[in-house]
Amino acid sequence: MSNIEQTLSIIKPDAVERNLENDIKEIFKNKGFSILNEKKIQIEKTEAEKFYKVHETKPFYNDLCEYLSSGPIVVMILEKENAVLGNRELMGATNPQDALEGTIRKKYGISIDKNSVHGSDSVENAKIEIDFFFKD
Ligand code: CMP
């Protein structure tokens, strides 16, 4: 049975700054993801705080929100069979040092903060995150 899902992907400021936007989109497309919608935006820190609210008790929360709002990002809706897990596998581990060969974070990530991409961690959160950026 087919299980087409949508997930939210963000190309983070470190990757946009290094002009990696097109390279990363090509990786997604080559792996069979369709980009259903996308926009390049810069968000306020208050919006980043809302987006990452699940992390509000974590010691890295403030830096994380500062960082996500520090420069332009590209937000995308990706669609594919089992897109949520597929995107997580393609991104690789949160810390680029732990990411496997062939993953986006292994190839482009600089540090656990500047890890180039974000992806939804569950189908439920994907819906919430897609709505966050694309519900008008
Ligand atoms: P992301 O997938 O966007 O989700 C939350 C982000 O917090 C994560 O990627 C990392 O960039 C960042 N982060 C910073 N420190 C940590 C940490 N110790 N554990 C997990 N995520 C962290």
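Each ligand, and each atom within it, is numbered from 1 in the order the structure gives.
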Contact between ligand 1 and [X] is defined here as a heavy atom of the residue under 4.0 Å from a ligand atom; is it met?
X   : value
Y52 : yes
K12 : yes
R88 : no

Numbered in order shown, the ligand 1 atoms found under 4.0 Å of a heavy atom of D113 are 11 (O), 14 (C)
Counting heavy atoms only, which part of [X] comes closer than 4.0 Å to ligand 1: side chain, backbone, both or neither?
X    : value
I112 : both
K58  : neither
M91  : neither

Could you find the nearest protein heavy atom to [atom] and give me its residue, atom name and distance?
atom                    : result
atom 8 (C) of ligand 1  : T94 CG2, 3.7 Å
atom 15 (N) of ligand 1 : F60 CG, 3.4 Å
atom 6 (C) of ligand 1  : L64 CD1, 3.5 Å

Next on the checklist: So T46 and E49, do their side chains get closer than 4.5 Å, heavy atoms only?
Outcome noted: yes
Are any non-hydrogen side-chain atoms of I77 and I35 less than 4.5 angstrom apart?
no
Check: Where does the angle between the aromatic ring planes of F51 and F133 fall among parallel (under 30°), tilted (30 to 60°) and perpendicular (over 60°)?
Finding: tilted
ask   = How are the rings of H55 and F60 set to each other: parallel, tilted or perpendicular (split at 30° and 60°)?
value = tilted
Query raised in the report: Would E129 and S120 count as having a side-chain donor-acceptor pair, cut-off 3.5 Å?
Result: yes
Q: Verify side chain to side chain contact (heavy atoms under 4.5 Å, CB included) between I24 and V117, making sure each step is shown before the conclusion.
A: CA-CA 9 Å; I24 291 173; V117 279; 4.1 Å; yes
Worksheet item: ligand 1 and H118, any nitrogen or oxygen pair closer than 3.5 angstrom?
Response: yes
query: Salt bridge check: are K25 and E38 linked by an N-O gap of less than 4.0 Å?
result: yes
query = Got a salt bridge between K50 and E47, using NZ or NE/NH1/NH2 to carboxylate O under 4.0 Å?
reply = no
